[in-house]
Amino acid sequence: MSRPNILLVTKGHPFDHNAFFKIFDSINVDWTHVEQPAAQLFFSPENAKIFDAFVMYDMPGIKFKRGAPEFEEPSEEYKKNFLALLASGKGMVFLHHSIAGWPTWPEYSEIIGGRFLYLPGVVKAQNKPDSGYRHKVSHEIKGLAEHRITQGIPPSFSMTDELYLSEIFEEEITPLFASNYTFSERNFYSAKKAAVDKQLNANEGWHHEDTSNIVGWVKRYMRSPIAYLQGGDDPEAYANENFQKMIENAIYWAASEEALKWSAEEN
């Protein structure tokens with residue numbers, strides 16, 4: 001396909017802007033960067049026409065204060081436009097902390113295929129503890145299936161990055177990548193202790209069930225092809241050539257007629 005034109009959406013979580021944007025300068029895409037909340041203007045079928053796909057590296061709906069983080073509701077107009085965009089078949093790639101976005105809008109987690117919780121909450125009608133995080137994990141990523149997103153990437157490769165112990169809706173996704181790291185509470189730290197108690201790298205008294213080691217997947221939502229890649233915390237991760245290739249492949253897939261046809265199969 002021709003060089004895709006993407007909307008790159010950020011804000012809500014700190015990151016090294018220059019190092020992150022180098023990814024998109026180095027891969028074969030055209031890109032426009034817009035921060036939240038201004039980016040919401042493009043979340044409608046009419047305003048999104050010029051873009052082949054959206055790449056989400058944002059974390060909207062959360063404001064970090066001295067105490068507990070404050071959660072904001074997305075406007076009804078924004079939700080209506082977003083869902084209309086998904087119904088139109090716009091491909092989307094979600095990266096890393098985007099899985100924590102819009103915590104008061106349950107459908108947002110259904111769109112992505114999982115949920116990272118900064119505070120204990122309800123996910124799919126079940127009470128869940130706050131999620132876990134671990135920075136600078138050196139691990140091996142293995143491809144799980146032949147797919148447009150796995151093409152040109154070694155069967156396994158090393159990466160140092162932040163990982164999440166969070167909710168993954170395994171029955172609703174097609175797994176593409178898995179980590180050899182053990183996703184158990186003993187290997188992660190409590191998000192609530194960090195966000196509320198300001199205790200970094202702490203897990204005393206915190207409990208979380210083991211979770212899947214899947215770190216990349218695709219799924220359908222309405223008529224839209226959706227990809228999620230858990231990687232992408234800091235410049236060391238950004239500079240990993242295989243991670244860059246994962247992002248480039250995910251964009252080309254999400255923008256393709258092949259993905260659009262696939263996502264429409266069950267609709």
Side-chain angles (χ1 to χ4, degrees), residues 11-15 56-74 94-139 141 159-175 177-217 219 221 226 228-234 237:
K11 205 164 186 182
H13 193 290
F15 67 98
M56 314 292 285
Y57 193 65
D58 58 343
M59 201 172 71
I62 306 175
K63 287 188 175 181
F64 293 95
K65 304 290 186 179
R66 289 181 178 272
E70 294 181 0
F71 297 156
E72 298 179 332
E73 288 274 357
F94 292 86
L95 301 175
H96 197 52
H97 50 247
S98 63
I99 200 168
W102 295 124
T104 63
W105 184 21
E107 190 168 8
Y108 196 68
S109 64
E110 299 290 343
I111 295 167
I112 297 175
R115 165 67 73 192
F116 183 96
L117 296 167
Y118 274 95
L119 301 176
V122 177
V123 178
K124 288 187 175 292
Q126 294 185 352
N127 292 321
K128 295 291 183 178
D130 57 297
S131 297
Y133 69 94
R134 183 74 180 248
H135 291 108
K136 294 295 184 182
V137 176
S138 295
H139 65 122
I141 295 177
M159 188 167 178
T160 300
D161 200 0
E162 181 186 24
L163 292 177
Y164 295 150
L165 188 73
S166 60
E167 307 305 317
I168 298 176
F169 308 154
E170 293 184 70
E171 295 182 358
E172 301 170 18
I173 64 173
T174 300
F177 298 99
S179 169
N180 72 339
Y181 196 63
T182 300
F183 285 71
S184 173
E185 64 181 25
R186 68 181 182 274
N187 290 330
F188 288 84
Y189 302 119
S190 162
K192 179 178 179 290
K193 286 182 180 292
V196 178
D197 304 328
K198 311 308 176 187
Q199 297 178 19
L200 298 178
N201 302 335
N203 59 13
E204 185 177 356
W206 170 72
H207 297 290
H208 197 295
E209 62 187 9
D210 292 356
T211 67
S212 169
N213 65 343
I214 299 167
V215 292
W217 63 76
K219 70 183 300 289
Y221 200 82
I226 307 293
Y228 174 75
L229 302 175
Q230 192 184 108
D233 179 59
D234 63 15

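Numbers here simply count residues along the sequence, with the first being 1. Please read all numbers here as calculations on a predicted model, not as lab measurements.
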Exercise for review: Just do the side-chain contact (heavy atoms from CB on, under 4.5 Å) check on Leu165 and Ser131 with the steps written out, would you?
Suggested key: CA-CA 6 Å; Leu165 188 73; Ser131 297; 5.9 Å; no

Exercise for review: Apply side-chain contact (heavy atoms from CB on, under 4.5 Å) to Ile62 and His13, showing your working.
Suggested key: CA-CA 9 Å; Ile62 306 175; His13 193 290; over 6 Å; no

Exercise for review: Verify side-chain hydrogen bond (donor to acceptor under 3.5 Å, both in side chains) between Ser190 and Asp130, making sure each step is shown before the conclusion.
Suggested key: CA-CA 7 Å; Ser190 162; Asp130 57 297; 2.6 Å; yes

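Atom CZ of residue Phe183 and atom CD1 of residue Ile214 lie 9.5 Å apart, to the nearest 0.5 angstrom. To the nearest 0.5 Å, atoms CG (Asn201) and OH (Tyr189) are separated by 5.0 Å. Distance NE2/His208 to OG/Ser184: 10.5 Å, rounded to 0.5 Å. One finds the CD atom of Glu185 at 10.0 Å from the CG atom of Asn187 (value rounded to the nearest 0.5 Å). Residue Leu163 holds its CG atom at 9.5 Å from OG1 of Thr211, rounded to the nearest 0.5 Å. A distance of 10.0 Å separates OG in Ser179 from CG in Asp161, rounded to the nearest 0.5 Å.
Residues passing the side chain to side chain contact (heavy atoms under 4.5 Å, CB included) test with Ala202 are Lys193, Gln199, sequence neighbours excluded. Under the rule for a salt bridge (charged side-chain N to carboxylate O under 4.0 Å, His left out), Glu170 has no partner lying at least two apart in sequence or in another chain. For Pro106, there are no side chain to side chain contact (heavy atoms under 4.5 Å, CB included) partners two or more places apart in sequence or in a different chain. Residues meeting the side chain to side chain contact (heavy atoms under 4.5 Å, CB included) test with Leu200, sequence neighbours left out: Tyr133, Ala194. Residues passing the salt bridge (charged side-chain N to carboxylate O under 4.0 Å, His left out) test with Lys198: none are found, sequence neighbours excluded.
The closest side-chain heavy-atom distance from Gln230 to Phe116 is not below 4.5 Å. Considering only heavy atoms from C-beta on, Pro129 stays 4.5 Å or farther from His207 through its side chain. Residues Ile99 and Ser109 form no side-chain contact, since every pair of their non-hydrogen atoms from C-beta on lies 4.5 Å or further apart.
Here the closest non-hydrogen pair linking Met59 and Gly101 is CG-N, 4.1 Å. Minimum heavy-atom separation, Tyr118 to Pro69: CB-CG, 4.5 Å. Pro60 and Pro103 make their closest contact through O-CD, 4.0 Å (heavy atoms, listed as atom of the first residue, atom of the second, distance). Nearest heavy atoms, Asp58 versus His97: O-CD2, 3.6 Å.
Between the Trp217 side chain and the Ile112 main chain, a donor and an acceptor come within less than 3.5 Å of each other. Listed for the Tyr228 side chain is no donor-acceptor partner under 3.5 Å among the backbone atoms of Gly114.
In this pair, Phe188 and Tyr181 present their aromatic rings perpendicular. The plane angle is above 60°, beyond the 30 to 60° band. Note: Tyr108 and Phe94 have perpendicular aromatic rings, judged against thresholds of 30 and 60 degrees for the angle between ring planes.
Within the structure, every pair that satisfies the salt bridge (charged side-chain N to carboxylate O under 4.0 Å, His left out) test and touches residues 113-128, not counting sequence neighbours, is listed here: Glu110-Lys124, Lys124-Glu172, Lys128-Glu167, Lys128-Glu209.
For the residue pair Tyr164/His96, the side-chain donor-acceptor check at 3.5 Å is satisfied.
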